[in-house]
Structures are given as structure tokens and as C-alpha cells.
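The next block holds one structure in the form of C-alpha cells; read it before the comments.
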2 protein chains.
Amino acid sequence: MRMTRQRKVLLEIINQAASPLSAEEIMLQAHQQDPSLALSTVYRNLEKMLELGLCQQIRFQDGLARFEQAGLVHHHHLVCTACGRREAVPICPLHQIQQQLEAASGYKITYHEINLYGLCPDCLKKQVSEQTGHP
Amino acid sequence: MRMTRQRKVLLEIINQAASPLSAEEIMLQAHQQDPSLALSTVYRNLEKMLELGLCQQIRFQDGLARFEQAGLVHHHHLVCTACGRREAVPICPLHQIQQQLEAASGYKITYHEINLYGLCPDCLKKQVSEQTGHP
DNA sequence: ATACATGCAAATTGTTTGCGGGCAG
DNA sequence: CTGCCCGCAAACAATTTGCATGTAT
């Protein structure tokens, strides 16, 4: 892969990110370093980076494509349904039962994703204080 | 919810379906009974049915919104990456560890989804025979 | 009768593509 | 130099919305 200015910026953003980013979020961050970078460049490079295994694509319930660094420890995602905060969960309960699943279904399973949705600690606190009236 | 002709058709399609259907797939099926039914009607009613808890929305890696009957036994999905076949898996390894996850993350988890991807028995067979040359 | 649903067409949103010029190797 | 890459604009695809009309209650 040819190392263009734009690609360096994109790779850095993805590798620094604490959670998966959408194409638009990536472009906005990139604009701080290179305001002329086009959204189509973001998409084209994300596609290439997916092919090369440099990043991974995820979709939560909103259907937006989000991208994160590849090569991290196997993990899943926790999404706050109130504020949208997303974070990684390093726990996976599937490995232990994957063989059972394959045996039961006849499939050869190559990949899986687990998304958990709920309220993050902050939004949970807010919700409680709204109900009680004690902030 | 007012029981219109179109809604009866839509509900029946969703309740009969063996796997989650996209809006377009639902419309195509519906056209066999009511060729004038509009795609926007499908979307508007799916939205309403989601609010009322009459159906659930799912997204696999292609990002398309798919819909399935609500009120089924808790389950997850297995998707063949070759032919697109989708089926339900009645096994869930999360219930046992959900409390651990909540304790570790501080989230209140309200919902989760697990999608498994791989080759279905048929496509697995085809792939093997292609390699060996023995059909 | 009235409020809510529908069909149609147009608008939005996220993503992809075609093209002429630009830059990394 | 040369082929891949970029920015821009236009094309697409999925979904949403506005509006005039139709229909379940």
C-alpha cells in the first residue's frame, strides 16, 4: 500500500481511537490535520484497509458502518443507548460453545460479533436522579 | 393500531417468515397479495410495529435492516457468508455472564445481539468438492 | 365524521463511482 | 515515469418525509 499523506493520517486516527468510528467521524478528526481530505478518500481507504486486514468493520443497531483497528485482542462491544458511548468488552463467552454450535448447525463458523446495549454508568446515574429528584 | 388491509398482510408475512426479512423482501412477498402496497408503507408500519413490540430489527454485516417476529424464544443468528442463508440459533451463552459484565462495566445491560457468520452445510460441501474435484 | 393510513414522488442520508489531475515509488 | 491515489461531483441505495386522498373506527 502506497503511503500517502492521507493514509498516514487515517491509520493514525484508527489506531488511536478508543472505540469504533464512523467514516464521518474519521473525516472530521482527519480535517484537523488535513482539511482538504475528502470523504470518498476515507471510504476508499477504509475499504482497502479492510482488505489488507488493517482494520475491521462493525455495525451497531443504527446501521452505520464503523471501523476500528484490527489486531486487537478478541473483544466485543458495549453501547450506551442514551449517549451513544461505545466501548470494548474483552470477554467472550462464545469460544467455549462454538464447537457445540458447529456440531448442532452443521455450519463452519468463521466469525462472530456480540453487541451489548444498555445504559452506561453516567446515564444510569442521570436516570436515577431524574426519578428521585436528587441530583 | 388500526387494522388495515396492508397491515394484515405485513404482519402475516413477518409472522410466517423463517428468518429475518428486509423491507424490500417483505414488500415483494406482500405484492403477491396486494401489488399496490408501497415500500414507504412497509417502512412506516415496520417502524410502528417496532414501537409496539410486534417485531424486532436486526442488522447483519451488510448493514441492511431486517425484521422478524417478536416474542419468539430468545435466540441469535447464524448467517452463511456464501449464500446469505440466515437462521435462528436458540442457544445463548450470555445470560450466565451478563451479571459479571454489568459488574465489571457499570452498565445496566438491556439488550444484546449475537451474530455468527460462516459456511452453511451446503456451501461447505460445495467448497470441499471444488477443491477435491469430486462432486 | 374524523383521525389516522396510504400511495406516490421528492428529499435525506450513507456509501460508491467516474474522471482528470497529482504524487509516491 | 508510471500507475496508483486524490479531490470533486455525480450516481446509487436504503430509508424518510410531505402531501393529497382514502378508509377503519
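Worth saying up front: this structure is predicted, and the values here are computed from it rather than measured. All values below come from the heavy atoms of this structure, side chains included, with hydrogens, waters and symmetry mates left out. Numbered from 1 within each chain, the chains take letters A, B, ... in sequence-line order.
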Using the side chain to side chain donor-acceptor pair (under 3.5 Å) rule, collect all pairs that involve residues 37-58 of chain B, keeping only residues at least two apart or in two chains.
->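 For residues 37-58 of chain B, and leaving out neighbouring residues, the side chain to side chain donor-acceptor pair (under 3.5 Å) pairs sorted by first residue read R7(B)-N45(B).
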Hey, what's the ring geometry for H112(A) with H74(A), parallel, tilted or perpendicular (30° and 60° as the breaks)?
->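 The arrangement is perpendicular - the two ring planes meet at more than 60°.
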I need the [atom1]-[atom2] distance between [X] and [N], as an integer number of Å.
X: M27(A); N: dG7(D); atom1: CE; atom2: C1'; value: 12 Å
X: R66(A); N: dT15(C); atom1: CZ; atom2: P; value: 9 Å
X: L37(A); N: dC8(D); atom1: CG; atom2: C1'; value: 13 Å
X: E24(A); N: dT15(C); atom1: CD; atom2: C1'; value: 11 Å
X: D62(B); N: dG14(C); atom1: CG; atom2: P; value: 17 Å
X: L39(B); N: dG18(D); atom1: CG; atom2: C1'; value: 17 Å
X: Q57(B); N: dA14(D); atom1: CD; atom2: C1'; value: 12 Å
X: R59(B); N: dA13(D); atom1: CZ; atom2: P; value: 18 Å

How long is the gap from CZ on R66(B) to CG on L46(B), to the nearest 0.5 Å?
->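 That separation rounds to 13.0 Å.
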Gap separating the CD atom of E102(B) from the OG1 atom of T110(B), nearest 0.5 angstrom =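 Output value for this atom pair is 9.0 Å.
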Looking for any heavy atom pair under 4.0 Å, which part of the strands does L64(B) touch: base, sugar-phosphate only, or nothing?
->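 Result for L64(B) = sugar-phosphate.
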Quick one: label S40(B) by what it contacts on the DNA or RNA (base, sugar-phosphate, nothing), any heavy atom closer than 4.0 Å.
->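 Counting heavy atoms under 4.0 Å across all strands, the contact made by S40(B) includes a base.
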Are [X] and [N] close enough that a side-chain N or O sits under 4.0 Å from OP1 or OP2?
X: Y43(A); N: dT15(C); value: yes
X: K48(B); N: dC4(C); value: no
X: Q6(A); N: dC23(C); value: no

Which sits closer to the 5' end of DNA chain D, A23(B) or V42(A), going by the nucleotide each is nearest to?
->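 Final value for this comparison: V42(A).
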With respect to the side chain of R7(B), which nucleotide from dG7(D), dT15(D), dT6(C) is positioned closest?
->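 Looking only at heavy atoms from C-beta outward on R7(B), the closest nucleotide is dT6(C).
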Which nucleotide in the set dT6(C), dG7(C), dT15(D) lies at the smallest distance from any side-chain heavy atom of N45(B)?
->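 The closest nucleotide is dT6(C).
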So which protein N/O to nucleotides 21-25 of chain D N/O distances come out below 3.5 Å?
unit_1: dT23(D); atom_1: O2; unit_2: R2(B); atom_2: NH2; d: 2.8
unit_1: dT25(D); atom_1: OP1; unit_2: M3(B); atom_2: N; d: 3.3

Donor-acceptor pair present, R44(B) side chain and dG18(D) base, under 3.5 Å |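 Side chain to base: pair present.
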Taking the hydrophobic residues Ile, Leu, Val, Met, Phe, Trp and Tyr, and joining any pair whose side-chain heavy atoms are under 4.5 Å apart, which ones share a cluster with V79(B)?
->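 In the cluster with V79(B) are Y111(A), I58(B), F60(B), Y117(B).
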In terms of side-chain geometry, is the basic nitrogen of E87(A) or R85(A) positioned less than 4.0 Å from the acidic oxygen of its partner?
->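 Looking at E87(A) and R85(A), the cut-off is met.
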Electrostatic pair R5(B):E12(B) at N-O distance under 4.0 angstrom =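 Between E12(B) and R5(B) there is no salt bridge, as every charged N stays at least 4.0 Å from the carboxylate O atoms.
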